[in-house]
Amino acid sequence: NAGVTQTPKFQVLKTGQSMTLQCAQDMNHEYMSWYRQDPGMGLRLIHYSVGAGITDQGEVPNGYNVSRSTTEDFPLRLLSAAPSQTSVYFCASSYFQGGTEAFFGQGTRLTVV
Amino acid sequence: GENVEQHPSTLSVQEGDSAVIKCTYSDSASNYFPWYKQELGKRPQLIIDIRSNVGEKKDQRIAVTLNKTAKHFSLHITETQPEDSAVYFCAASRLSRDDKIIFGKGTRLHILP
């Protein structure tokens, strides 16, 4: 089992560019989510999915899109990058949304200049 | 909405001493309380969790206590070692497949030589 695989590990974007952060899990987990981590702000939920074809917004969804066409994959799209989106992004998966261990990807450090 | 408060935000303890991190939660129906450890540059990983049918759980030098009446839970690390230096996140959710997990903002623990 690879667990949760997240790519890329580092990325630099120019303001206005778009990109997709990839996330894949091989544990057949129902629940997948994206967080951003900023100093002093903890882990803030961007978007989440409780199964293929179902997505919903978290705490800080603006500027991001997601889709879940398969159980395994949950990509995060930045539509038009802004400096405020400079952050470390983590994808996570778990069997269910509540009450079970969350497995995190290795993280993506994104810098928008 | 649901909220998890975590204190302190930074904690420095002498190697060999004990460290205590405290969290309070607002949703009285929460009954699953995990703790995650994030080493520098790494992903968060589950280190211990507790369910509301028990008041305390231990795993070697780590213990978690829960007071459901007061809606607070704590992480205790005894005989601290340099490898305990990390950011620790508490979280709370219901034992329900559809309930969101809410993270605290994290505590940066420094173990002093």
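So that the names make sense, note that chain A is the first sequence line, chain B the second, and so on, each numbered from 1.
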### Query
When rounded to the nearest 0.5 angstrom, what is the spacing between CE in A:Met41 and CZ in B:Phe103?
15.5 Å

### Query
When hydrophobic residues are tied together by side-chain contacts of less than 4.5 Å, even through go-betweens, does B:Leu109 share a cluster with B:Ile48?
yes

### Task
Under 4.5 Å heavy-atom distance to chain A, tell me which part of B:Gln45 shows up: side chain, backbone, both or neither.
neither

### Query
So if you build clusters from Ile, Leu, Val, Met, Phe, Trp, Tyr with side-chain heavy-atom gaps below 4.5 Å, do A:Leu45 and A:Val66 land together?
no

### Message
Does any backbone or side-chain atom of A:Tyr35 lie under 4.5 Å from a heavy atom of chain B? Answer side chain, backbone, both or neither.
### Response
side chain

### Query
Above 12 or not: heavy atoms from other molecules or residues under 6.0 Å from CD of B:Gln14?
yes

### Message
Between B:Tyr36 and chain A, with a heavy-atom cut-off of 4.5 Å, which part of the residue counts as in contact: side chain, backbone, both or neither?
### Response
side chain

### Query
What's the shortest heavy-atom distance between A:Val4 and B:Arg43, and which atoms?
O-NH1, 3.7 Å

### Query
So with a 6.0 Å cut-off around CD of B:Glu83, is the heavy-atom count from everything else above 12?
yes

### Task
Specify which of A:Glu59, A:Arg109, A:Gln37 makes the most heavy-atom pairs with chain B at under 4.5 Å.
A:Gln37

### Summary
Bottom line for A:Ser94: the part with an atom under 4.5 Å from chain B's heavy atoms is neither

### B:Ile111-B:Ile47 co-clustered via ILVMFWY side chain contacts under 4.5 Å
yes

### Message
What part of A:Ala102 gets within 4.5 angstrom of chain B, counting heavy atoms only: side chain, backbone, both, or neither?
### Response
both

### Query
With a cut-off of 6.0 Å (strictly less than), are more than 12 heavy atoms of other residues, nucleotides or ligands near NZ of B:Lys68?
yes

### Task
Heavy-atom distances under 4.5 Å only: say whether B:Arg108 touches chain A with side chain, backbone, both or neither.
neither

### Message
Distance check, rounded to the nearest 0.5 Å: A:Leu43 atom CG versus B:Gln38 atom CD?
### Response
6.5 Å

### Message
Which heavy atom of A:Phe104 sits nearest to which heavy atom of B:Pro44, and what is that distance?
### Response
CD1-O, 3.3 Å

### Task
Would you indicate whether B:Leu40, at its atom CG, is surrounded by more than 12 heavy atoms from other residues, nucleotides or ligands within a distance under 6.0 Å?
no

### Query
Once you round to the nearest 0.5 Å, how far does OH of A:Tyr48 lie from CD1 of B:Ile101?
13.5 Å

### Message
Would you say B:Ile21 ends up clustered with B:Tyr25 if hydrophobic residues are merged whenever their side chains have heavy atoms under 4.5 Å apart, either directly or through other cluster members?
### Response
yes

## Note on the structure
Of B:Asn31, B:Thr10, B:Leu46, the largest count of non-hydrogen pairs under 4.5 angstrom with chain A goes to B:Leu46

### Message
Would you say A:Met32 ends up clustered with A:Phe96 if hydrophobic residues are merged whenever their side chains have heavy atoms under 4.5 Å apart, either directly or through other cluster members?
### Response
no

